[in-house]
Amino acid sequence: MTAYGRRALIIRPVNGLPYSTYLLAAAVAAVVSGVLVRVLLGLRIALDNPNHRSLHTSPTPRTGGIGLLAGIVAAAVVSTGAVQPVFWIALALAALSLGDDRWNLPAAARLLGHLVAAAAFVLMLGEWPAMWLVPILVLALGWMTNLYNFMDGADGLAGGMTMFGFGAFAIAAGMQGHGEIAVLSLCVAAAAAGFLLFNYPPARIFMGDVGSIPVGFLAGALGLLGWKEGVWPAVFPLIVFAPFIVDASATLAKRALRREKVWQAHREHYYQRLILGGWSHRRAALAEYGLMAVCAAAGLLVTFADLAVQTVLVAMLALLLIVLMALVDRHWPLRRPEHA
């Protein structure tokens with residue numbers, strides 16, 4: 001039995017952890033997150049005022065990430081007895097984001113902070129098979145940190161991806177017998193559920209950079225940890241978070257090819273174009289949730305399948321995503337690309 005299991009109230013073990021640990025983590029994360037987000041909603045501080053690139057039409061608080069992170073950390077402490085190093089790094093990124101909100105830090109300074117956090121975590125995981133892999137993993141983790149922020153632009157979207165993505169992490173880790181990763185992932189997924197009570201369309205509060213940056217980091221970090229520990233193949237986190245990874249990567253690649261400033265805000269992501277094309281926030285969110293569920297299921301199937309089946313599933317999912325993007329490109333083409 002793990003150290004977590006020894007500290008917890010034993011009801012019945014599930015892959016090294018008792019049921020009570022999972023239930024406690026989920027309950028604390030959801031309740032603390034939901035209560036604090038509700039408090040922050042009432043305070044109405046740090047409002048996100050609409051501009052020509054926004055999809056919302058009225059000033060909305062963008063502090064929901066504070067409640068979300070509080071729920072994650074509280075659940076981790078209660079269920080495991082400590083705040084794990086990966087969460088400390090996430091909190092440091094949250095502090096950086098708050099500093100950016102206060103002092104409007106240069107983009108280069110923010111990116112440097114994200115890469116330092118990514119490098120710290122990659123090195124913290126220990127030795128890798130080849131040294132050339134380290135800078136690639138640092139860049140990949142830095143990209144995951146940022147793309148989550150890029151995709152946090154519509155009601156319920158980032159919260160839903162967090163719930164589906166980390167929920168899949170928790171299921172896969174639990175089924176593979178790695179209770180520690182399972183319970184940490186569950187903390188994030190349950191906290192997202194509490195946040196979604198107030199972020200589901202029509203959203204009354206947004207996650208903001210203080211939430212999306214740390215959660216993006218956690219998605220990449222726990223994905224790397226699971227791969228390093230042999231819990232899942234490297235492709236698993238890429239599949240689970242494909243709705244965000246593919247949209248952000250394809251959109252930014254197109255902007256780069258047009259020699260536009262990829263770091264500046266815009267309304268060219270596929271989910272944004274759906275809403276600009278006439279879809280409601282709720283309809284877009286539900287469609288994205290369907291895609292997230294498909295990707296989560298595909299990721300779980302890949303984790304427990306042989307190489308041949310993995311290859312077929314990845315190819316089918318890639319084809320599905322390409323077709324969906326092609327449909328959006330056809331029906332809602334970019335008529336006037338935005339230049340900053």
Are the side chains of [Y] and [X] in contact, using a 4.5 Å heavy-atom criterion?
| X | Y | answer |
| --- | --- | --- |
| Val78 | Leu24 | yes |
| Phe195 | Met207 | yes |
| Leu157 | Met161 | no |
| Leu197 | Val37 | no |
| Leu47 | Thr60 | no |
| Arg62 | Asp101 | yes |
| Tyr271 | Val328 | no |
| Thr80 | Thr21 | no |

Could you work out, with side chain to side chain contact (heavy atoms under 4.5 Å, CB included) as the rule, every residue matching [X], not counting sequence neighbours?
| X | value |
| --- | --- |
| Ile171 | Met175, Leu300 |
| Leu137 | Val122, Trp128, Leu133, Leu224, Trp227 |
| Leu238 | Ile245 |
| Leu115 | Leu111, Val138, Leu139 |

Identified side chain to side chain contact (heavy atoms under 4.5 Å, CB included) counterpart of Ser185 within the set Val188, Val183, Ile181: Ile181

Single hit among Val294, Leu301, Val302, Thr303 for side chain to side chain contact (heavy atoms under 4.5 Å, CB included) with Ile239: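 When Val294, Leu301, Val302, Thr303 are each tested with Ile239, the side chain to side chain contact (heavy atoms under 4.5 Å, CB included) holds only for Val302.
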
Within residues 55-110 or reaching into it, pairs that qualify as ring pair (Phe, Tyr, Trp, His ring centres under 6.0 Å) - sequence neighbours excluded: His56-Phe206

Sequence neighbours excluded - ring pair (Phe, Tyr, Trp, His ring centres under 6.0 Å) pairs with any residue from residues 134-162: Trp143-Phe150, Tyr148-Phe244

Any residue meeting side-chain hydrogen bond (donor to acceptor under 3.5 Å, both in side chains) with Ser212, in chain and number order, not counting sequence neighbours: Asn149

Asp329: side-chain hydrogen bond (donor to acceptor under 3.5 Å, both in side chains) partners, not counting sequence neighbours: Lys254, Tyr270, Arg273

Residues that, via side-chain heavy atoms closer than 4.5 angstrom, fall in one hydrophobic cluster with Val31: Val35

Hydrophobic cluster (4.5 angstrom, side-chain heavy atoms) - remaining members for Leu112: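 Hydrophobic cluster check, Leu112: joined to Val116.
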
For the hydrophobic clusters of this structure (ILVMFWY residues joined by side-chain heavy atoms under 4.5 Å, transitively), does one cluster hold both [X] and [Y]?
| X | Y | result |
| --- | --- | --- |
| Val246 | Met144 | no |
| Tyr289 | Trp279 | no |
| Val235 | Met292 | no |
| Val73 | Val32 | no |

Enclosure of Met124 CE (heavy-atom neighbours >12, cutoff 6.0 Å):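 Buried by this count: over 12 neighbours within 6.0 Å.
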
Mind checking the [atom1]-[atom2] spacing from [X] to [Y]? Nearest 0.5 Å is all I need.
| X | Y | atom1 | atom2 | answer |
| --- | --- | --- | --- | --- |
| Asp48 | Ser54 | CG | OG | 5.5 Å |
| Gln84 | Ile89 | CD | CD1 | 12.0 Å |
| Ile213 | Leu218 | CD1 | CG | 11.5 Å |
| Leu276 | Trp332 | CG | CH2 | 11.0 Å |
| Glu288 | Asp247 | CD | CG | 7.0 Å |
| Leu327 | Ile322 | CG | CD1 | 12.0 Å |

Results of salt bridge (charged side-chain N to carboxylate O under 4.0 Å, His left out) for Asp209 - residues two or more places apart only: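 Checked Asp209 against salt bridge (charged side-chain N to carboxylate O under 4.0 Å, His left out); zero matches.
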
Arg258/Glu268 salt bridge by N-O under 4.0 Å criterion: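 Yes, charged N to carboxylate O under 4.0 Å.
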
Contacts of Phe166 that satisfy ring pair (Phe, Tyr, Trp, His ring centres under 6.0 Å) - sequence neighbours left out: Phe169, Phe241

Nearest heavy atoms of His114 and Leu93, plus distance in Å: CD2-CD2, 3.7 Å

